[in-house]
Number of protein chains: 2
Amino acid sequence: MAVSVREVAAAASVSVGTVSNVLNRPEKVAPDTVARVLAAIDELGFVRNDAARQLRAGRSRSIGLVVLDVRNPFFTDVARGAEDRAAEDGMTILLGNSDDNPDRERAYLDLFEEQRVHGVLISPRSDDLPRLERARSRGVPVVLVDREAPDRSFSSVAVDDVVGGAMAVRHLVESGRRRIAFVGGPSSIRQVADRLEGARRAAAETPGVTLEVVETSGTTVLEGRAAGEAIRDRAPEHRPDAIFCANDLLAVGVLQALIMLGDLRVPGDIALIGYDDIDFAQASVVPLSSIRQPAWLIGYTAVDLLLREARDGSDFAPEQVQFQPELVVRESTGR
Amino acid sequence: MAVSVREVAAAASVSVGTVSNVLNRPEKVAPDTVARVLAAIDELGFVRNDAARQLRAGRSRSIGLVVLDVRNPFFTDVARGAEDRAAEDGMTILLGNSDDNPDRERAYLDLFEEQRVHGVLISPRSDDLPRLERARSRGVPVVLVDREAPDRSFSSVAVDDVVGGAMAVRHLVESGRRRIAFVGGPSSIRQVADRLEGARRAAAETPGVTLEVVETSGTTVLEGRAAGEAIRDRAPEHRPDAIFCANDLLAVGVLQALIMLGDLRVPGDIALIGYDDIDFAQASVVPLSSIRQPAWLIGYTAVDLLLREARDGSDFAPEQVQFQPELVVRESTGR
DNA sequence: ATCTATCTTTGAAACGATTCACGATGAACG
DNA sequence: CGTTCATCGTGAATCGTTTCAAAGATAGAT
């Protein structure tokens, strides 16, 4: 059915080797031979079989990227940064989203290994580092995204979430809030845990500040709305006067619950701050204060590190890149 | 370097054929042989080489999906629907975004063809149907997403954008608006053109209603903001009293310009309606009226159609599935 | 003891592009 | 005219998995 080099070679009256050379090193072939082969290719509608190419080459020209949630604009921005850097080297990004599910995460890792990817970018959900070690021991470079390896054994590109979390809460405290709620979860997600840790530290700095944790089962708008409704339905004296959400999606959900489905005022009754500073943050019901992360740059840098590690082979030295988060103040915390 | 079936076979003292059988048809192999082979696989850290598999099989186990813009939540929802349906058959989605660039669109098509994908899902930017015909003639099923082929020669899953556009404008007119502006572009994007067409028809239904077109160069929040600023900066008597945006991202941008960066009221001074009803629509500064499309279902159905076409081979009959858009009224059009 | 029927296992032949050591051709030069 | 060198082109071997006809093994039946 499919046309192969062999048939192209026959049609152009040359050998298969020459067809391959036309495809890969045209300068090594006489001009009119090139023309003849190209004509045959066009005529027959020949399309290179990538599987055969890869089989011979030993590895593919793609890089696997496993993210926690594609619906989070933060991650699509990371993906685009990665894609841009990969394209510079003629590579492709294979995107998988784990939805914070360890099984899916592992399934994607397996898939990527079978595909013989050039490397894997991952924001690992669980602390399944052994699985990553194993991948690396098989020659697959691994770079952690938005997360650092506890023992620095992996290269990583991250933003200090503890600092970011502290920034958020410190800002709330400085604007006079005292009873703070942290909305986020599950705590198995490292980013969530770190932001909470930062929040705790910042809260502890000022006497009289309390930090309550409202655990959610995920980090979507829907889960944020549920958490917001729970808070809204409390007696006023039990409500916090400020909420720090583990990401902007949650914050948007909380906003919906407090304002649209309830009648609380933000920041009048409750101040609100999110995390990531996605595009929608500044266009939400009440423009959202947030902690900004350089998403595109994170993706770009991660691929850069990966390619370097792939080039250097086994004598790589894991490298940790860390960006700093940045506080963006908008109305939701009462500018 | 990499471990192959051959080495596994040697380690387990069986033939390569048996190893393959253990991998693919374990029930055909004696239990203790299975155990022995599995042990060898584990011991050696064998990972199947997908390229070799595909080469033999003739095609890959993935489906290509080319979308206009990954940053648009509408498309990520479509992608998830597609992924879910594909997973049911053990398949994978390869996601490419064309960014409304014909070259990128073509590059992804080429890539997918080289990968011998099972089929291609595409919301084609240009009317480059010949390219798609060519792909199909090579045996690659093609299903159009969010768009219909003019001559019904391709299967497609779409929502009637003309009806949706008319719905939006009719709603604006019914709430008393007369000077309507359509914000969107470029008109080479079929969805944009169709929604505008619908808007035109609806405007023509009522005497005294004018429809002005504010063309944008893309459909992002940023471009929406630019268009919004242009409108905001006009003399009040030249401003429209309602704006219909080709999608919600644009509408969010327009909102930013009118309210946050300007001091116009929505819907007081200008009513605003978007398209897609993405999650953020109901949480924007002013909750956004919109035209809802069943994004997840579109993706799911498209893969379903594709797999059917792939099964039936050449005696497929192109099938057009069309969903109906739905008006969602919120505050931005003054409930 | 022989024959069938049923299970298991085998091993060589694909799949299609790339590589590379080697010829072949012809031009340039002494 | 003979030698050297560069340029082009060749085709068999290779990558790793799957397939499938055929061989081998085992047990039950006669």
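Labels below follow one simple rule: chain letters A, B, ... track the order of the sequence lines, proteins then strands, and each chain is numbered from 1.
Per the geometry, CG belonging to A:Leu23 stands 15 Å off P belonging to C:dG16, to the nearest Å. One atom, CZ of A:Arg61, and another, C1' of C:dA17, lie 12 Å apart when rounded to the nearest Å. Atoms CD (A:Glu7) and P (C:dC15) sit 10 Å apart, rounded to a whole Å. Residue A:Gln54 contributes atom CD, which lies 16 Å from atom P of C:dG16 at whole-angstrom precision. Rounded to a whole Å, the CZ atom of A:Arg59 is 17 Å from the C1' atom of C:dT18. Straight-line distance from the CG atom of A:Leu55 to the P atom of D:dT14: 13 Å, rounded to whole Å. Computed from coordinates, the A:Arg6 CZ to C:dA14 P distance equals 11 Å when rounded to whole Å.
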How does each nucleotide of nucleotides 6-13 of chain D score, in 5' to 3' order, for protein heavy atoms under 4.0 Å: base (B), sugar-phosphate only (S), or none (-)?
--SSBBB-
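When the nucleotides D:dT17, C:dT18, D:dT19 are ranked by their closest atom to the side chain of A:Arg53, C:dT18 comes out on top. Closest to the side chain of B:Ser20, out of C:dT18, D:dT19, C:dG16, is D:dT19.
The line from CG of B:Leu144 to CG of B:Leu306 is 11.5 Å long, rounded to the nearest 0.5 Å.
Checking A:Gln322 against A:Glu148 by side-chain atom types alone, a donor-acceptor pair falls below 3.5 Å. A donor atom on one side chain and an acceptor atom on the other are not found under 3.5 Å apart for B:Ser62 and B:Gln115.
Interface residues of residues 44-51 of chain A facing DNA chain C, ordered by number: A:Phe46, A:Arg48, A:Asn49; criterion, heavy-atom separation under 4.0 Å.
For A:Gln320, the CD atom counts as densely surrounded, since its 6.0 Å shell holds more than 12 non-hydrogen atoms of other residues, nucleotides or ligands.
Contact detail for A:Glu133 and A:Ser153: the closest heavy-atom pair is OE2-OG, 4.0 Å. Taking all atoms of both residues into account, the shortest heavy-atom contact from A:Ile63 to A:Leu307 is CD1-CD2, 4.1 Å.
In this model, the phosphate group of D:dT19 is approached by a side-chain N or O of B:Arg25 to a distance below 4.0 Å at OP1 or OP2.
No donor-acceptor distance shorter than 3.5 angstrom exists from the side chain of B:Arg25 to the backbone of B:Val22, with no hydrogens or angles considered. The closest donor-acceptor contact from the side chain of A:Ser156 to the backbone of A:Val145 lies at 3.5 Å or more, if one exists at all.
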Write down the protein N/O and nucleotide N/O pairs, taken from nucleotides 23-25 of chain D, whose separation is under 3.5 Å; answer none if there are no such pairs.
none

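Salt bridge A:Arg190/A:Asp146: absent, no basic N to carboxylate O contact under 4.0 Å. Using a 4.0 Å cut-off between charged nitrogen and carboxylate oxygen, B:Asp89 and B:Arg85 count as a salt-bridge pair.
Ring geometry, A:Trp296 versus A:Tyr300: the interplanar angle falls under 30°, so the pair is classed parallel (tilted spans 30 to 60°).
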